[in-house]
Amino acid sequence: MSKPVALVTGANRGIGFEVVRQLAEKGYAVALASRDERAGREAAARLAGRGLAVEPLQLDVTSDASVRAALERFRERYDRLDALVNNAGVLLDEGVSGLEVPVETVHATFEVNVYGALRVAQAFAPLLIAREGGNIVNVSSIMGQLAYAGPGYLAYRSSKAALNMITRVLAAELKPHGVRVNSAHPGWVRTRMGGPAAPGTPEEGAGPIVWLATLGPDGPTGGFFGPGNKPLDW
Ligand code: NAP
């Protein structure tokens, strides 16, 4: 039987890169997707150089044409998909209040964090449905929890709350096909987005994401999980 195959978006750096590495270490063939072709090629080469089955795939989640082209190239290269990790994300309204954040900033945030994740899930779900199994992981954040929302980060928080709803709806729709859909919170980790003060490492942040990406048929669906694979409130 051929190796299981995973696709990770926004994987040229940060948590996504680490998710690719850990999945490849577990024996997956991984498509390392990046909006910047060169950055993706360089990142994939670093892992392929260690003998891991990682190949770059240009994919800008905000572009229908890019996602369509990526799907075509993916189909040429792989005969199956077992895990889709919607990791690409932006945080554009740090330090800005909700009363002042430009609506354009909210829009730009949703373009990546919400519509981007949905666009990729809609494009690649048929490959999971065809195999009657597999996992979609939406990389979310506790910043999107309605239960504990506070001031600021209106664009980012709203986008992750919307992403969590996408998780719930797709989980319900894909359940009859044996496909699981979950949201993951990596914890606050040191990446360009998380900043140098974050307590965790990208390696730690990848933990719950990789766990959800590799769930078997008895695994949960429609849930929200954080560090230590612990369930989180919405
Ligand atoms: P990061 O280091 O800033 O990396 C973000 C990745 O997303 C980069 O590869 C970036 O590509 C990519 N990206 C942005 N726009 C894209 C687009 N239009 N198409 C494709 N890729 C795009 O951030 P990170 O900390 O690893 O974050 C990864 C995920 O974890 C995000 O969804 C984030 O919201 C979530 N998260 C992070 C933390 C944390 O503490 N770090 C906490 C909770 C949740 P470029 O290199 O081309 O910009």
Side-chain angles (χ1 to χ4, degrees), residues 7-22 30-44 46-47 54 56-71 84-94 105 107-121 123-124 136-145 148-149 153 155-164 166-167 182-210 212-213 224-227 232:
L7 167 63
V8 184
T9 66
N12 51 295
R13 59 187 169 93
I15 295 167
F17 179 78
E18 187 54 30
V19 170
V20 171
R21 191 187 67 77
Q22 292 186 19
V30 191
L32 182 157
S34 68
R35 65 174 157 181
D36 182 297
E37 193 165 8
R38 193 170 134 193
R41 237 186 1 249
E42 288 172 2
R46 285 211 299 281
L47 296 174
V54 176
L57 183 71
Q58 199 279 328
L59 195 166
D60 180 341
V61 302
T62 64
S63 159
D64 276 331
S66 172
V67 173
R68 264 200 311 274
L71 176 61
L84 166 63
V85 180
N86 277 315
N87 167 79
V90 291
L91 165 53
L92 303 176
D93 61 337
E94 185 140 34
T105 302
H107 195 99
T109 304
F110 270 61
E111 277 296 342
V112 179
N113 296 5
V114 182
Y115 312 137
L118 179 59
R119 183 178 283 116
V120 174
F124 285 84
I136 297 177
V137 185
N138 291 324
V139 181
S140 184
S141 169
I142 53 168
M143 295 280 271
Q145 284 177 302
Y148 309 110
Y153 300 97
Y156 187 71
R157 287 184 195 280
S158 307
S159 73
K160 294 301 190 183
L163 180 62
N164 283 348
I166 289 172
T167 292
N182 291 286
S183 281
H185 166 61
W188 183 23
V189 307
R190 289 188 293 279
T191 61
R192 207 172 295 172
M193 183 187 291
T201 62
E203 289 80 352
E204 290 163 340
I209 302 169
V210 169
L212 290 170
F224 187 16
F225 299 90
L232 296 168

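All figures in this text were calculated on a predicted structure; none of them were measured in a lab. Just follow the structure's listing: the first ligand is 1, and inside any ligand the first atom is 1.
Looking only at side-chain heavy atoms (C-beta outward), Phe17 and Leu47 come within less than 4.5 Å of each other.
Considering only residues two or more places apart in sequence or on other chains, Glu94 meets the side chain to side chain donor-acceptor pair (under 3.5 Å) condition with Tyr153. For Tyr156, there are no ring pair (Phe, Tyr, Trp, His ring centres under 6.0 Å) partners, not counting sequence neighbours.
Side chains of Ser34 and Asp36: no donor on one and acceptor on the other come within 3.5 Å. Remark: the Ser183 side chain and the Thr167 side chain contain an N/O donor-acceptor pair separated by less than 3.5 Å.
Closer than 4.0 angstrom to ligand 1 lie heavy atoms from Gly10, Asn12, Arg13, Gly14, Ile15, Arg35, Leu59, Asp60, Val61, Thr62, Asn87, Ala88, Gly89, Val90, Val112, Val139, Ser140, Ser141, Tyr156, Lys160, His185, Pro186, Gly187, Trp188, Val189, Thr191, Arg192, Met193, Gly194.
For residues 110-119, the side-chain hydrogen bond (donor to acceptor under 3.5 Å, both in side chains) pairs, not counting sequence neighbours, are Asp64-Arg119, His107-Glu111, Asn113-Ser159.
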